[in-house]
Participant: 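This is the structure, below, for whatever I ask next.
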Amino acid sequence: MRIGICSDHTGVEYKSRLISYLLGKGYEVVNFGTDSTDSCDYPDYAHPMAAAIEAGEVDAGIALCGTGNGMALALNHHKGIRAGLAWNQEIARLVKEHNNANVLVMPARFISRRMAVMMVRAWLLADFAGGRHQRRIDKIVQP
Ligand code: RB5
């Protein structure tokens with residue numbers, strides 16, 4: 001499984017830790033930046049990762065910014081993206097089980113790096129539950 005990962009300046013250290021974790025677990029990782037702690041604009045990193053997921057170049061994505069909201073808003077502009085914001089392990093699991101999120105978004109300014117790793121683990125191990133949740137997802141794009 002190939003996983004894309006991106007962040008703005010607030011999530012750079014989280015991103016590095018997550019890349020090490022994912023590589024250690026045998027995932028392929030594509031880093032969409034940023035790799036600097038200089039202030040930057042989260043859409044510059046969200047859009048290339050979203051496009052790569054839509055093109056099938058990576059299977060899923062992880063994104064971080066200060067609150068997570070900027071990344072989630074930018075990513076969800078793309079038709080092929082369901083980016084879900086989570087801030088603990090249970091929400092990370094549910095965002096896959098209930099929302100089939102293909103991007104996990106995390107708020108770097110409000111979680112620890114250890115929590116970020118545990119959330120990524122929970123999200124990757126979870127399976128979409130389908131059924132009534134698929135009906136609800138269908139209604140997102142077809143109101
Ligand atoms: C950066 O200061 C901050 O605005 C950004 O990381 C994010 O929280 C935006 O939604």
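Given the structure is predicted, the values throughout are model-derived calculations rather than measurements. Side chains are part of it too, since the values below use all heavy atoms of this structure and drop only hydrogens, waters and symmetry mates. In each ligand, atom 1 is the first atom listed, and ligand 1 is the first ligand listed.
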Participant: Is Met71 close to ligand 1, meaning an N/O of one under 3.5 Å from an N/O of the other?
Facilitator: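 Between Met71 and ligand 1 (N or O atoms, distance only) the closest approach is not under 3.5 Å.
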Participant: Could you list the atoms of ligand 1 found under 4.0 angstrom from a heavy atom of Gly66?
Facilitator: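 Within the 4.0 Å cut-off of Gly66, ligand 1 contributes 5 (C), 6 (O), 7 (C), 8 (O).
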Participant: Does Gly68 reach ligand 1 with a nitrogen or oxygen that is under 3.5 Å from one of the ligand's nitrogen or oxygen atoms?
Facilitator: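 In this structure, Gly68 places no N or O atom under 3.5 Å from an N or O of ligand 1.
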Participant: For Glu97, does the CD atom have more than 12 heavy-atom neighbours from other residues, nucleotides or ligands under 6.0 Å away?
Facilitator: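 For Glu97, atom CD is crowded (more than 12 foreign heavy atoms under 6.0 Å).
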Participant: How close do Asp38 and His9 get, heavy atom to heavy atom, and via which atoms?
Facilitator: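 Looks like O-CB, 3.3 Å.
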Participant: Mind checking whether Arg109 has a heavy atom under 4.0 Å from ligand 1?
Facilitator: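 Right, Arg109 reaches ligand 1.
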Participant: Heavy-atom contacts with Tyr42 under 4.0 Å: which atoms of ligand 1 show up? List them by number with element.
Facilitator: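 Taking each heavy atom of Tyr42 in turn, ligand 1 has 9 (C), 10 (O) under 4.0 Å.
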Participant: Are any of the N/O atoms in Asp8 less than 3.5 Å from those in ligand 1?
Facilitator: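 Between Asp8 and ligand 1 (N or O atoms, distance only) the closest approach is under 3.5 Å.
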Participant: Hey, are the side chains of Leu64 and Val105 touching, using non-hydrogen atoms and a 4.5 Å cut-off?
Facilitator: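 SC-SC contact between Leu64 and Val105 ruled out.
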Participant: Keeping Tyr14 on the side-chain end and Ile111 on the backbone end, is there a donor-acceptor pair under 3.5 Å?
Facilitator: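 Yes; judged by distance alone, with no hydrogens or angles, the pair exists.
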Participant: Does the protein put any heavy atom within less than 4.0 Å of atom 4 (O) of ligand 1?
Facilitator: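 Not a single protein heavy atom is under 4.0 Å away.
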Participant: Should we say atom CD of Glu90 is surrounded by more than 12 heavy atoms from elsewhere, each under 6.0 Å from it?
Facilitator: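 12 or below, so no.
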Participant: Would you please classify the geometry between the His78 ring and the His47 ring as parallel, tilted or perpendicular, with 30° and 60° separating the classes?
Facilitator: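 The arrangement is tilted - the two ring planes meet at 30° to 60°.
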Participant: Tell me: protein heavy atom nearest atom 10 (O) of ligand 1, and distance?
Facilitator: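 Here the nearest protein heavy atom works out to Gly70 N, 2.9 Å.
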Participant: Are more than 12 heavy atoms from other residues, nucleotides or ligands located less than 6.0 Å from atom CZ of Arg82?
Facilitator: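 Yes, because the 6.0 Å sphere around CZ of Arg82 holds more than 12 heavy atoms from other groups.
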Participant: Thr10 heavy atoms, cut-off 4.0 Å: which ligand 1 atoms fall inside?
Facilitator: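 Near Thr10, the atoms of ligand 1 are 6 (O).
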Participant: Given that the side chain starts at C-beta and the backbone is N, CA, C, O, which of these parts of Thr67 lies under 4.0 Å from ligand 1, counting heavy atoms, or is it both or neither?
Facilitator: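 Both backbone and side chain of Thr67 come within 4.0 Å of ligand 1.
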